[in-house]
*Asks:* 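A single structure is presented below for examination.
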Amino acid sequence: MSGTVVVLLGPPGSGKGTQAKRLVEVLGTPHVSSGDLFRHHLSQETELGLMAHSYMEDGELVPDDVTVEMVVERISRPDCEDGVLLDGFPRTLNQAEALKKALANRGHQVTVVPLIQVSDDEVLRRLTARRVCEACGAVYNLVFNPPQEEGVCDVCGGDLYQREDDDPETVNHRLYTYYKETSPLIGYYFAQDLLVEIDGEQSFKAVSEDLLRAIGEAAKES
Ligand code: ADP
Ligand code: ADP
Ligand code: ZN
């Protein structure tokens, strides 16, 4: 196979999006985030976006069939021919099986699944202080990674906003959803010898170094 298919696994707030943005600069593959795709649909008020919204605001998963269709369409585009970094997908065993089939159709397979481990308390601390740029999607944290000027993106000058699902009650429900629906993927990928555990409570830099090492080693072996 050509290229590297990385599946970033970890609870909400473990740093998947933040790390993905750095990793793709090194890997040169597209970053495909199912959450970003849904939020883009919502901002365009497409039928899919409006349907997904009712699940997202409650911290529930969007049904597998529409999620799989959306992501498989995205990774079937030519820019993903040489690999892709997946963030937030798959999130259920059904989605993982659908991904496997879609990749196999094109002679690809998952190369490595880094599992970014972060405690529930840290997830709550991080997500209630998360801010996101409306224009470019850059991710900030009021405590750990604040923008230079309050409410303004360092990268593009866009306005920063708080996601409506980052309130404590919805974060708790998203964690519940993660343990119930997504954590079975840990065993699924472990059994395929693809899982690599990463300590997500280190500094931004230490986490990205561990991720790059894990991806580099897996790519060499595959
Ligand atoms: P986070 O990065 O905080 O984990 P995401 O941006 O990945 O959150 O996801 C936000 C919401 O979008 C989820 O709570 C869920 O409703 C929906 N979503 C994203 N990815 C998926 C997926 N693979 N399957 C089902 N729903 C998803
Ligand atoms: P996810 O995509 O997994 O939901 P994000 O990348 O959006 O997670 O990160 C969630 C929040 O935690 C953001 O506010 C981000 O700035 C912050 N964050 C990410 N990595 C770290 C880290 N290593 N240390 C402290 N805060 C972090
Ligand atoms: Zn920006």
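Side chains included, hydrogens not; waters and symmetry mates left out as well; all remaining heavy atoms used. Atoms within a ligand are numbered from 1 in the order they appear, just like the ligands themselves.
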*Asks:* Give me the nearest non-hydrogen protein atom to atom 15 (C) of ligand 1 as residue plus atom name, then the distance to 0.1 Å.
*Replies:* Glu60 O, 3.5 Å

*Asks:* Does Gln19 have a non-hydrogen atom less than 4.0 Å from ligand 2?
*Replies:*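 Not so, Gln19 does not reach ligand 2.
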
*Asks:* Counting heavy atoms only, which part of Phe204 comes closer than 4.0 Å to ligand 2: side chain, backbone, both or neither?
*Replies:* both

*Asks:* Closest approach of Asp154 and Pro146, non-hydrogen atoms and distance?
*Replies:*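 Of all heavy-atom pairs spanning Asp154 and Pro146, the closest is OD2-O, 4.5 Å.
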
*Asks:* Can you find an N/O atom of Gly13 closer than 3.5 Å to an N/O atom of ligand 2?
*Replies:* yes

*Asks:* Is the shortest N/O to N/O distance between Gly15 and ligand 2 below 3.5 Å?
*Replies:* yes

*Asks:* Short list, please: which atoms of ligand 2 are under 4.0 Å from a heavy atom of Tyr140?
*Replies:*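 This gives 13 (C), 14 (O), 16 (O) as the contact atoms.
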
*Asks:* Heavy-atom contacts under 4.0 Å between Leu61 and ligand 1: side chain, backbone, both, or neither?
*Replies:* both

*Asks:* Taking NZ, NE, NH1 and NH2 as the nitrogens, is one of them in Arg125 or Asp120 under 4.0 Å from a carboxylate oxygen of the other?
*Replies:*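 Between Asp120 and Arg125 there is no salt bridge, as every charged N stays at least 4.0 Å from the carboxylate O atoms.
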
*Asks:* Give me the residue, atom name and distance of the protein heavy atom closest to atom 8 (O) of ligand 1.
*Replies:* Arg163 NH2, 3.2 Å

*Asks:* What protein heavy atom sits nearest atom 12 (O) of ligand 2, and how far off is it?
*Replies:*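 So the nearest neighbour among protein heavy atoms is Arg126 CD, 3.3 Å.
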
*Asks:* Counting N and O atoms only, with roles assigned by atom type, does the side chain of Asp58 sit under 3.5 Å from a partner on the main chain of Glu60, one being a donor and the other an acceptor?
*Replies:*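 No: the side chain of Asp58 does not pair with the backbone of Glu60.
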
*Asks:* Test side chain to side chain donor-acceptor pair (under 3.5 Å) on Gln117 and Ser14 and set out the steps.
*Replies:* CA-CA 7 Å; Gln117 304 267 33; Ser14 54; over 6 Å; no

*Asks:* Quick check: His173 with Tyr176 (ring centres under 6.0 Å apart)?
*Replies:* yes

*Asks:* Can you tell me the protein heavy atom closest to atom 7 (O) of ligand 2 and the distance?
*Replies:*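 In this structure, atom 7 (O) of ligand 2 has Arg130 NH1, 2.6 Å as its nearest protein heavy atom.
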
*Asks:* Is Gly10 in contact with ligand 2, taking contact as a heavy-atom separation below 4.0 Å?
*Replies:*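 Contact check Gly10 vs ligand 2: negative.
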
*Asks:* Could you pull out the N/O/S protein atoms under 2.8 Å of the Zn ion (ligand 3), ignoring any water?
*Replies:*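 Counting only protein N, O or S atoms under 2.8 Å from the Zn ion (ligand 3), the list reads Cys133 SG, Cys136 SG, Cys153 SG, Cys156 SG.
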
*Asks:* Calculate, to the nearest 0.5 Å, the distance between atoms CE and OG1 belonging to Met56 and Thr170 respectively.
*Replies:*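 It is 12.0 Å, given to the nearest 0.5 Å.
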
*Asks:* For Asn145 and ligand 2, does the shortest N/O to N/O distance drop below 3.5 Å?
*Replies:*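 For ligand 2, there is no N or O atom that lies under 3.5 Å from one belonging to Asn145.
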
*Asks:* Checking a contact table here: which protein heavy atom is nearest atom 27 (C) of ligand 1, and how many Å away?
*Replies:*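 Checking every protein heavy atom, the shortest distance to atom 27 (C) of ligand 1 gives Phe38 CE1, 3.7 Å.
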
*Asks:* Among all protein heavy atoms, pick out the one at the shortest distance from atom 13 (C) of ligand 1; state its residue, atom name and that distance to 0.1 Å.
*Replies:*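 For atom 13 (C) of ligand 1, the nearest protein heavy atom comes out as Arg91 NH2, 4.0 Å.
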
*Asks:* So for ligand 2, is Gly17 a polar contact partner (N or O within less than 3.5 Å, distance only)?
*Replies:* yes

*Asks:* May I ask you to identify the nearest protein heavy atom to atom 17 (C) of ligand 2, giving residue, atom name and distance to one decimal place in Å?
*Replies:*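 That would be Asn141 ND2, 3.9 Å.
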
*Asks:* Number the atoms of ligand 2 from 1 as they appear, then name those within less than 4.0 Å of a heavy atom of Thr18, with their elements.
*Replies:*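 Those of ligand 2 that fall under 4.0 Å from Thr18 are 5 (P), 6 (O), 9 (O), 15 (C), 19 (C).
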
*Asks:* Based purely on interatomic distance, does Glu122 place a nitrogen or oxygen under 3.5 Å from a nitrogen or oxygen of ligand 2?
*Replies:*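 There is no such contact.
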
*Asks:* For atom 23 (N) of ligand 2, what is the closest protein heavy atom, and at what distance to 0.1 Å?
*Replies:* Gln202 O, 3.0 Å

*Asks:* Considering only heavy atoms, does Ser33 approach ligand 2 within less than 4.0 Å through its side chain, its backbone, both, or neither?
*Replies:* neither

*Asks:* Tell me which protein heavy atom sits closest to atom 24 (N) of ligand 1, plus the residue, atom name and distance to 0.1 Å.
*Replies:* Gln95 NE2, 2.9 Å

*Asks:* Mind checking the CD-CD spacing from Glu164 to Glu57? Nearest 0.5 Å is all I need.
*Replies:* 5.5 Å

*Asks:* Which protein non-hydrogen atom lies closest to atom 26 (N) of ligand 1, naming both residue and atom, and how far is it?
*Replies:*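 Checked against all protein heavy atoms, atom 26 (N) of ligand 1 sits closest to Val62 N, 3.1 Å.
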
